[in-house]
Amino acid sequence: MSTIRKWAVLLLASLTLSGCMTNNRKIDTAKQADKPLYRDTIYDGAADPVVIWNKEENRWFMFYTNRRANIEVANEVDWVHGTPIGIAESTDGGATWRYRADANIGYGGEDYTYWAPDVIEDNGSYHMYLTVVPGTFSDWNHPRDIVHFTSDNLIDWQQESVLTLASDRVIDAGVFKGNDDWWYMYYNNERDGKSIYSARSKDLYQWEDLGKAFDGQAGEGPKVFYWHDRYFMIIDHWDGLGVYSSTNLKEWQRQPENILREPGKGPDDGTKGLHADVVVQGDKAYIFYFTHPGRTVENDGGAGAANEAYNVRRSSIQVAELEFNNGVIDCDRDKPVYIQLKK
């Protein structure tokens with residue numbers, strides 16, 4: 001056997017034994033995700049995550065509401081107002097994240113509140129649909145709009161319009177393009193008992209409100225994704241996440257059990273999962289959600305009850321892999337997550 005051939009045989013054997021190649025095919029190079037996945041370094045209040053590929057920089061961005069958890073004195077719910085939108089980035093397919101910047105929104109006054117963005121890409125442009133509250137307040141009794149912004153770099157955003165929807169108190173837009181070529185937006189109409197409403201658009205600029213999406217339990221943070229030949233919607237019901245399925249984005253069927261209802265055992269994951277995003281990658285789907293690690297049955301009185309306790313206010317982003325069995329979505333949040341998001 002020639003020296004070159006001997007070298008090739010040894011190299012192939014080495015690669016196979018090390019797990020780099022199997023049956024002449026490169027195996028998955030996924031890394032185990034951090035747990036918690038991410039904590040914000042400015043306010044320690046990362047919530048409402050949404051994950052998108054930055055094609056210009058070849059990395060993943062995570063947008064999030066940055067609640068001001070570590071302020072010295074909180075007056076009722078003012079710590080969840082006056083919030084910027086933070087951006088974290090990942091260069092290893094979503095396994096690890098670091099703070100990058102705050103989104104440059106430039107809309108409204110310096111004390112304006114930004115909540116729960118949804119960010120999508122269409123024909124080379126990025127679109128953000130952002131909840132905006134006109135100030136920093138210690139109660140919930142103020143208008144909120146969903147405002148449309150566009151960007152070419154995912155950091156600097158230009159305002160396009162304030163959407164005309166069902167009321168003057170609308171939050172938490174979730175936007176998804178259906179197979180019928182319509183864009184659908186699902187959102188929370190607080191004037192109707194925090195019901196989920198919907199709207200549709202052909203161009204992402206002009207929206208037609210469709211009214212209540214379905215009758216059911218109040219909730220927020222609706223997020224739609226397509227997986228296993230059907231549409232799914234997850235909704236934060238403050239008791240885990242409700243899961244709904246549809247074949248047409250009009251009629252929705254709720255599955256019996258919420259996911260992420262039971263506390264996990266990992267670091268910062270011992271409370272119910274809240275307002276989430278889902279990224280589908282072929283036959284896999286990953287759910288990015290947040291927790292309030294310091295909240296227990298005894299002290300979980302909501303945002304107002306946290307006004308004196310930083311440990312109760314702070315929040316962490318987590319990731320878990322969804323599982324699909326017999327038409328039902330489940331999620332074991334205690335399983336290690338090996339992730340390598342592809343563009």
Side-chain angles (χ1 to χ4, degrees), residues 30 33 35-38 46-54 60-65 88 90 93-95 97 116-122 127-129 172-179 183-188 196 198 213 219-238 240-247 249 252-255 257-261 264 269 272-291 315-325 327-333 335 337-343:
K35 195 168 190 71
L37 185 66
Y38 178 72
D48 313 330
V50 59
V51 175
I52 187 170
W53 174 250
N54 184 326
W60 289 89
F61 270 19
M62 180 195 298
F63 290 78
Y64 57 92
T65 308
S90 174
W97 296 81
D118 198 17
V119 183
I120 60 171
E121 187 270 337
D122 181 55
H127 298 257
M128 177 190 290
Y129 295 89
D172 295 0
V175 178
F176 185 82
K177 191 172 187 179
N179 291 333
W183 290 94
Y184 289 86
M185 175 185 295
Y186 296 87
Y187 65 93
N188 176 333
I196 303 302
S198 66
E220 62 188 25
K223 185 68 180 183
V224 173
F225 57 100
Y226 191 78
W227 196 37
H228 290 284
D229 301 319
R230 70 200 74 183
Y231 301 101
F232 289 97
M233 182 191 301
I234 53 171
I235 298 175
D236 184 357
H237 292 304
W238 314 290
L241 303 177
V243 181
Y244 301 74
S245 62
S246 174
T247 59
L249 289 168
W252 293 91
Q253 180 70 37
R254 183 174 180 178
Q255 74 177 39
E257 298 296 328
N258 290 356
I259 62 173
L260 298 175
R261 183 177 183 272
D269 204 25
K272 295 172 183 178
L274 301 165
H275 191 134
D277 188 23
V278 174
V279 177
V280 175
Q281 299 268 285
D283 62 348
K284 292 182 176 291
Y286 300 92
I287 186 164
F288 296 79
Y289 60 97
F290 83 95
T291 63
S315 53
S316 295
I317 305 294
Q318 304 278 1
V319 66
E321 186 173 344
L322 297 180
E323 299 176 359
F324 183 80
N325 296 296
V328 174
I329 285 181
D330 200 359
C331 180
D332 184 348
R333 66 200 295 176
K335 283 186 177 179
V337 177
Y338 293 89
I339 189 170
Q340 178 64 62
L341 298 179
K342 308 293 185 182
K343 61 180 178 178

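Excluded from the calculations below are hydrogen atoms, water molecules and symmetry mates; all remaining heavy atoms, backbone and side chain alike, are included.
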Centroid-centroid under 6.0 Å between Y64 and Y38 rings: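 Centroid separation for Y64 and Y38: below 6.0 Å.
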Are H275 and D48 linked by a side-chain donor-acceptor pair shorter than 3.5 Å?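 Side chains of H275 and D48: pair found under 3.5 Å.
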I need the [X] [atom1] to [Y] [atom2] distance, nearest 0.5 Å.
X	Y	atom1	atom2	value
L322	D332	CG	CG	11.5 Å
F290	S316	CZ	OG	10.5 Å
C331	E257	SG	CD	14.0 Å
I52	L341	CD1	CG	12.5 Å
L260	I287	CG	CD1	5.0 Å

Please state whether the rings of F225 and W227 are parallel, tilted or perpendicular, taking 30° and 60° as the class boundaries.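 F225 and W227: tilted rings.
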Taking the inter-plane angle between the rings of F232 and F324 on a 0 to 90° scale, is it parallel (under 30°), tilted (30 to 60°) or perpendicular (over 60°)?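 Perpendicular, since the angle between the ring planes exceeds 60°.
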Over all heavy atoms of both residues, which pair between [X] and [Y] is shortest? Give the atoms and the distance, please.
X	Y	answer
D269	K35	OD2-NZ, 3.1 Å
L241	A276	CD1-CB, 3.8 Å
A173	Y187	CA-CB, 4.2 Å

side-chain contact (heavy atoms from CB on, under 4.5 Å) assessment of Y186 paired with W252: CA-CA 13 Å; Y186 296 87; W252 293 91; 3.7 Å; yes
Are any of the side-chain heavy atoms of I329 and I234 separated by less than 4.5 Å?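 Of all side-chain heavy-atom pairs linking I234 with I329, none is under 4.5 Å.
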With salt bridge (charged side-chain N to carboxylate O under 4.0 Å, His left out) as the test, would you mind laying out the steps for K335 and E321 before giving the verdict? CA-CA 8 Å; K335 283 186 177 179; E321 186 173 344; over 6 Å; no
Can you confirm whether more than 12 heavy atoms, excluding those of Q253, are under 6.0 Å from its CD atom?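 Incorrect, the count does not exceed 12.
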Could you walk me through whether Y231 and N179 pass side-chain hydrogen bond (donor to acceptor under 3.5 Å, both in side chains), step by step? CA-CA 10 Å; Y231 301 101; N179 291 333; 3.2 Å; yes
